[in-house]
Number of protein chains: 2
Amino acid sequence: MTEASPSTPDQRLIAAAEAQFRRFGYKRTTIDDITAGAGTGKGSLYLHFPSKQAVYLAVVEASLERFVEAASRLVDGPDPVPTRLRSLVELTIRHYGEDELLSASLFGRSGLVEGEVARVAADVQRERIRSLLRELLVIGQREGSVRANIDVDAAAAVLFELGWAVVRSALEGDHPIPLDRALKTLNELVGLGLLPRNG
Amino acid sequence: MTEASPSTPDQRLIAAAEAQFRRFGYKRTTIDDITAGAGTGKGSLYLHFPSKQAVYLAVVEASLERFVEAASRLVDGPDPVPTRLRSLVELTIRHYGEDELLSASLFGRSGLVEGEVARVAADVQRERIRSLLRELLVIGQREGSVRANIDVDAAAAVLFELGWAVVRSALEGDHPIPLDRALKTLNELVGLGLLPRNG
DNA sequence: TGACTGACTAATATCATAATCTGGTCACTA
DNA sequence: TAGTGACCAGATTATGATATTAGTCAGTCA
C-alpha cells in the first residue's frame, strides 16, 4: 500500500481515507490505516488535518461537492422551476442511493458513522442542499415561475424537510406510499403552491 | 401502594404503568413496580397483557387517544381545511411538547424509551396521525376546500412527513427558521396546493 | 373451577478490572 | 522544515463474577 501516487499528500490522504471510511466506517478506520494507505507517516496527517473528524469531514465534503456539481447543472437548466425541483429530488434519490458515505450521516442506520461526527457531517450536507434549493427558488422568482412574495429562506427549509422525508422514505424501503405516487403528489401540492397566482 | 382502587385490574395496571414509565422510562420500570403500584400480583399482569412491551404500547395508545380526541374536534371544526391543517400542526406541537411519553418514542432523545420498543410505539402514532390527516383531506374534498383529484393517501403521507419535520424541529429547538415563518410558508405552499384550481 | 399469586428460572444486564487499542504528540531525522 | 514513528493517556474492549428481572407455573383460595 506504500505506493507513491503523484498527487499531493493531502489528496492522497483524502483518497486513502475515503476508501477506508467507505469500507469500514468511521470508527473502524484508524489513523494508521489511512496514513499507511496514503504512504505517509502518521504525523504527516496532522500537518494537513487537525483531527480524525476533520479528515472525515473533508471526505464527506469532497463527495458532497460531486453531488452538488451535478445538482447545479440541474438547477441552472431550462425546465420550469417546479419541474427542476422534482428532478432535483430524483437526482438526490439516485445519488444518495448509490453513495452510502453521504447517506450514512444524513439518514443514520447504515453503521458507517454515528453520533457527533455524523451530526456534524449531516449539518454540512443539510446546509449545502438548503442553499441549493434557495438558489433555485430565487431563480424561479426572477424568471417568474415562482411567486414573488414567497419567503425563500423558509420555503427552502420547508422544501428541504419535505424532500428529505421523501428521499429517506425512498431509500429506507420504509414505503407506506410508493415513491412515484409520493413524488407526483409532492409535485401537485408544492408545485401549485409555488406558481404565481394566475400563471 | 396496595390501595384497592375501584377500577378494573387492567385499568389500574395501565395507570400504574403510565406513572412509572413517565417517571423512570421503559427500561428502569420493572414489572414488579407496575404490579405493586396496581396492587396486584405479578402473574396477574400476564393475564391482561402478553408482555412488558404490550403494557407500554397500551399506555402509549391511551395517551395517543387523548391527543387524537382533541385533534378530532379540530378536524371536524368549521374552518377551511388548510386552516384546520395549520391548527392541527400547532396542536401537535403543543401536545407533544407537554407529553414526553409520546414525544419520546417519536423523536428519540428523551431517554424514556429506546430501540425496538420505541420504534413500535412510533409506528402506532405515525399510523394514527396519518389516518387523521387522511380523514381531514377527505372531508376537505367533500366540502370542496381540497382539490378532488388529489391522491389522499399519498398526500396524507407527504403532509405527515412535513408536519412531523416541523413539529420535531420546533420541539428540538433546532430552528434554522423560526416556527411561525415555517408555518406561514408551509401554509402558503401546501395550502395553495390543496385548494381547488379556481377557488 | 378459574382468577389470582409469588417463588422460581433462564436470560440478560451490571460491574470491576485486566488487557488492548488508538488518536494525537513531539523529539528527532533527512 | 516537512516529515516521521515511538510513545503516552485515555478510551475501548474482553473477561468473568454478581445482580436484576421478564416471564412461568405449580399451587392457593373464593
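All of these numbers come straight from a predicted model, not from anything done at the bench.
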**Report entry** Segment of DNA chain C, first to last nucleotide, that comes within the 4.0 Å heavy-atom reach of chain A
**Finding:** C:dT22 to C:dT25
Report task. Quick one: label B:Thr35 by what it contacts on the DNA or RNA (base, sugar-phosphate, nothing), any heavy atom closer than 4.0 Å. Result -> nothing
Query raised in the report: Taking only residues two or more places apart in sequence, or in another chain, which ones meet A:Thr92 in a side-chain hydrogen bond (donor to acceptor under 3.5 Å, both in side chains)?
Result: none
Report summary line: side-chain contact (heavy atoms from CB on, under 4.5 Å) filter on B:Ala19, not counting sequence neighbours, yields none
Side chains of residues 53-62 of chain B: which donor-acceptor partners sit under 3.5 Å, not counting sequence neighbours?
none

**Report entry** side-chain contact (heavy atoms from CB on, under 4.5 Å) partners of B:Glu143, counting only residues at least two apart
**Finding:** B:Val81, B:Arg84, B:Ile139, B:Ser145
Requested in this report: Answer with base, sugar-phosphate or nothing: what part of the nucleic acid does B:Lys52 contact at a heavy-atom distance below 4.0 Å?
Outcome: sugar-phosphate
Query raised in the report: Base, sugar-phosphate alone, or nothing: which one does A:Ile31 contact when heavy atoms must sit under 4.0 Å apart?
Result: sugar-phosphate
Query raised in the report: If you measure from the Lys or Arg side-chain nitrogens to the Asp or Glu carboxylate oxygens, is any gap between B:Arg66 and B:Glu18 under 4.0 Å?
Result: yes
Report task. Might you work through the side chain to side chain donor-acceptor pair (under 3.5 Å) test for B:Gln11 and B:Thr8, ending with a clear yes or no? Result -> CA-CA 5 Å; B:Gln11 282 175 325; B:Thr8 64; 3.2 Å; yes
Report task. Mind jotting down which residue pairs meet the salt bridge (Lys or Arg N to Asp or Glu O under 4.0 Å) criterion with at least one end in residues 88-106 of chain A? Sequence neighbours excluded, please. Result -> A:Arg22-A:Asp99, A:Arg86-A:Glu90
Query - side-chain hydrogen bond (donor to acceptor under 3.5 Å, both in side chains) against A:Glu127, all qualifying residues, sequence neighbours excluded - result: A:Arg130
**Report entry** Stretch residues 13-26 of chain A: residues that reach within less than 4.0 Å of DNA chain D through a heavy atom
**Finding:** none
Requested in this report: Determine the contact category for A:Thr30: base if any of its heavy atoms lies under 4.0 Å from a base atom, sugar-phosphate if only primed atoms, P, OP1 or OP2 are that close, otherwise nothing.
Outcome: sugar-phosphate
Query - salt bridge (Lys or Arg N to Asp or Glu O under 4.0 Å) contacts touching residues 32-51 of chain B (sequence neighbours left out) - result: B:Asp32-B:Lys42
Report task. Can you sort out the partners of B:Arg28 under side-chain contact (heavy atoms from CB on, under 4.5 Å), two or more places apart, ordered by chain and number? Result -> B:Phe24
Query - Opening and closing nucleotides of DNA chain D in contact with chain A, under 4.0 Å to non-hydrogen atoms - result: D:dG3 to D:dT13
Query - All pairs passing ring-ring contact (aromatic ring centres under 6.0 Å, His included) where residues 77-104 of chain A contributes a residue, at least two apart - result: A:Phe67-A:His95, A:Phe67-A:Tyr96
Requested in this report: Could you say whether A:Lys27 or A:Gly43 is positioned toward the 5' end of DNA chain C, judged by the nucleotide with the nearest heavy atom to each?
Outcome: A:Lys27
